[in-house]
Amino acid sequence: MDFGLTADQREVQALARDFAQAEIEPHASEWDREHRFPREVFARLAELGLMGACVPEEYGGAGTDFVSYVLVLEELSRADAGVGVTVAVHTSAVTLPILSFGTDEQRSRFVPPLARGEYLGAFALTESGAGSDAGSIVSRAVPAGDGWHITGSKQWITNGRHAGTFLLFARTDPEVTGARGVSAFILDADHVTITRDEEKLGLNSSVTNDLTVDATVDADRLIGDENHGFRIAMSTLDGGRIGIAAQAVGIAQAGYDVALAYAKDRRAFGTRIANFQAIQHKLANMAMEIDAARLLVMRAAWLKDAGKPHTSEGAKAKLFASEMARRQTAEAIQILGGYGYTKEFPVERYYRDAKITEIYEGTSEIQRLVIARSILGERQPVAQSENAQ
Ligand code: CAA
């Protein structure tokens with residue numbers, strides 16, 4: 001067992017860290033306050049190859065492994081979690097599933113513009129009545145000529161307003177309820193209409209949209225097998241959750257960095273507050289929990305790179321890292337006291353940003369369900385039917 005990063009992984013990590021600290025972190029508070037999507041940053045990330053880090057070079061990517069990609073997400077999120085989620089959804093929720101489940105033609109047509117950052121990707125699964133219960137989506141795709149007519153509404157779609165390529169899920173078999181009978185489609189921006197910009201607690205430099213679709217597309221927009229798209233969604237989320245866990249680690253690390261520097265500087269009762277055991281215990285807990293979360297993230301990413309099952313390990317990483325980030329960014333505020341509650345320091349932003357990592361790409365409750373199913377080794381029903389005795 002080797003806990004060290006390879007030279008290549010360290011190089012990608014340093015590239016992302018240097019860029020994030022120089023060109024993202026200094027603007028993050030302003031973007032947060034102004035709710036500004038920093039489009040220019042993604043063009044710069046594309047120049048560095050970081051809009052398709054783990055995509056093979058033949059498809060326009062940088063050809064890194066998945067471990068390197070999650071290191072990039074951690075560094076971006078440490079500077080600005082909104083930038084982190086934009087890249088995470090674009091890459092692991094759109095580009096990678098097209099790469100994994102697309103035909104040769106779909107891969108060569110749709111992946112390079114995404115990997116080169118010419119288009120941003122959006123993952124359109126959730127609907128107003130289908131969040132945790134993703135299998136209950138009602139958007140429809142019906143055969144039309146040689147292709148499909150797709151109608152429906154999607155909610156909380158990260159990147160929606162700025163995306164050029166959508167991975168959208170719709171029901172192709174109306175006779176079946178639940179997760180079966182769903183298919184996945186690759187749509188363009190002009191196939192959808194953005195109907196709403198969400199106002200959020202945090203992640204204000206990212207966009208979250210409602211959209212509607214009413215479009216006829218060619219048959220080659222169906223990705224994977226008809227009626228088996230839910231497996232694509234689930235396997236996409238298996239990888240995506242590792243990225244969100246890395247995002248949570250990055251946010252927590254940022255909170256720790258500020259809290260540590262403040263504790264060494266701030267004086268009370270005639271000494272630096274870092275000399276107080278109460279503060280030392282907080283810093284020790286932060287350092288330990290960030291370390292533990294990062295190890296869970298790295299293990300899950302390593303399993304994915306090795307082509308091994310990682311559903312449960314990704315869920316554990318996301319569950320622990322997200323709850324840890326919420327806990328420890330709150331502790332960072334506590335160390336800064338009144339200053340932590342103000343906009344003079346960024347820790348209140350970290351706290352607001354951390355909260356969403358417990359919700360999107362599957363709530364903590366869903367992660368526990370995924371882990372429990374793996375422990376019990378059998379498919380456990382989510383709920384009893386309302387009509388059951
Ligand atoms: N990999 C591949 N296939 C999988 C799978 C996995 N990890 N998990 C399940 N499947 C397959 C099953 O084998 C089954 O396929 P068949 O019917 O062909 O056998 C099918 O998917 C249905 O599986 P389940 O019966 O387990 O489905 P379920 O209805 O019981 O629910 C769930 C599963 C885990 C609760 C799922 O609905 C879920 O993950 N919910 C959370 C949704 C979620 O995470 N949404 C995130 C939205 S995207 C987002 O947040 C992005 C962003 O903006 C940041």
Side-chain angles (χ1 to χ4, degrees), residues 73 77 81-94 96-97 100-101 120-137 154-161 163 166-169 173 176-184 198 200 202-203 206-211 224-248 300 303-304 308-315 318-319 322 353 355-374 376 378-385:
L73 289 184
S77 303
V83 171
V85 74
T86 302
V87 175
V89 168
H90 164 81
T91 311
S92 30
V94 184
L96 295 187
S100 301
F101 297 101
L120 209 52
F123 180 79
L125 172 67
T126 302
E127 298 177 0
S128 57
S132 288
D133 184 9
S136 66
I137 61 168
K154 296 288 175 179
Q155 186 168 295
W156 300 331
I157 307 307
T158 302
N159 295 346
R161 183 169 286 290
F166 293 75
L167 184 61
L168 184 137
F169 296 83
D173 185 349
V176 184
T177 53
R180 292 200 172 88
V182 167
S183 300
E198 197 66 62
K200 311 184 293 274
L203 284 195
S206 71
V207 293
T208 310
N209 297 108
D210 288 4
L211 61 84
D225 294 335
E226 185 180 332
N227 296 333
H228 291 284
F230 198 73
R231 287 190 200 160
I232 297 180
M234 289 298 105
S235 127
T236 298
L237 289 168
D238 281 348
R241 287 166 183 165
I242 307 172
I244 299 304
Q247 182 197 29
L303 285 169
K304 182 162 165 55
K308 294 175 190 284
H310 52 274
T311 303
S312 172
E313 290 78 4
K318 181 185 182 285
L319 175 60
S322 59
D353 289 351
K355 181 59 201 171
I356 188 59
T357 64
E358 293 181 294
I359 298 171
Y360 60 23
E361 299 219 12
T363 60
S364 293
E365 292 71 18
I366 291 296
Q367 307 313 319
R368 287 190 166 86
L369 174 127
V370 169
I371 296 164
R373 282 181 171 183
S374 129
L376 296 166
E378 60 197 54
R379 180 94 48 85
Q380 298 291 310
V382 177
Q384 300 296 322
S385 155

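The residues of the chain are indexed from 1 along the displayed sequence. For ligands, and for the atoms within them, numbers begin at 1 and follow the listed sequence. The structure presented is a predicted model; accordingly, all values stated were derived computationally and were not measured.
Residue Asp238 has at least one heavy-atom neighbour below 4.0 Å for each of these atoms of ligand 1: 1 (N), 6 (C), 7 (N). Heavy-atom proximity to Thr311, at under 4.0 Å, picks out these atoms of ligand 1: 7 (N). Close approach of ligand 1 to Gly131 (heavy-atom distance below 4.0 Å) involves ligand atoms 42 (C). Heavy-atom contacts of Leu237 reach the following atoms of ligand 1: 43 (C), 44 (O) (cutoff under 4.0 Å). Close contacts of ligand 1 with Gly362, meaning ligand atoms under 4.0 Å from a residue heavy atom, involve 43 (C), 44 (O), 46 (C). Heavy-atom contacts of Thr158 reach the following atoms of ligand 1: 52 (C), 53 (O), 54 (C) (cutoff under 4.0 Å). Ligand 1 places these atoms under 4.0 Å from at least one heavy atom of Val89: 52 (C), 54 (C). Contact atoms of ligand 1 toward Phe123: 48 (S) (distance under 4.0 Å to a heavy atom of the residue).
Backbone and side-chain nitrogen or oxygen atoms of Arg373 are examined, and one is located within less than 3.5 angstrom of a nitrogen or oxygen of ligand 1.
The distance from the OG atom of Ser77 to the CG atom of Leu203 is 9.0 Å, given to the nearest 0.5 Å. To the nearest 0.5 angstrom, Lys318 atom NZ is 8.5 Å from Tyr360 atom OH. Remark: Ile242 CD1 to Lys304 NZ distance equals 6.5 Å, nearest 0.5 Å. For the atom pair OG1 (Thr91) and CG (Leu120), the distance works out to 9.0 Å, reported to the nearest 0.5 Å. Atom-to-atom distance recorded for Lys200:NZ and Asp353:CG is 9.5 Å, nearest 0.5 angstrom.
Neither the backbone nor the side chain of Thr363 comes within contact range of ligand 1; no heavy atom lies under 4.0 Å. In Ser132, the part holding a heavy atom less than 4.0 Å from any atom of ligand 1 is the backbone. Counting heavy atoms closer than 4.0 Å to ligand 1, residue Glu361 contributes atoms from both its backbone and its side chain. At a 4.0 Å heavy-atom cut-off, ligand 1 touches Arg241 through the side chain alone.
In this structure, Leu125 and Ala134 approach most closely via the heavy-atom pair CD2-CB, 3.8 Å. Residues Gly131 and Thr126 approach most closely at CA-CG2, 4.1 Å, considering heavy atoms. Of all the heavy atoms in Thr236 and Phe123, the pair that sits closest is CG2-CE1, 3.8 Å. A pairwise comparison of heavy atoms in Thr86 and Ser206 identifies OG1-CB, 3.8 Å as the closest pair.
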Derivation and outcome, side chain to side chain contact (heavy atoms under 4.5 Å, CB included), residues Gln247 and Thr357: CA-CA 8 Å; Gln247 182 197 29; Thr357 64; 3.4 Å; yes
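When the heavy-atom distances from atom 38 (C) of ligand 1 to Arg231, Met234, Gln155, Arg180 are ranked, the shortest goes to Met234. In this structure, of Tyr360, Phe230, Phe169, the residue bringing a heavy atom nearest to atom 27 (O) of ligand 1 is Phe230.
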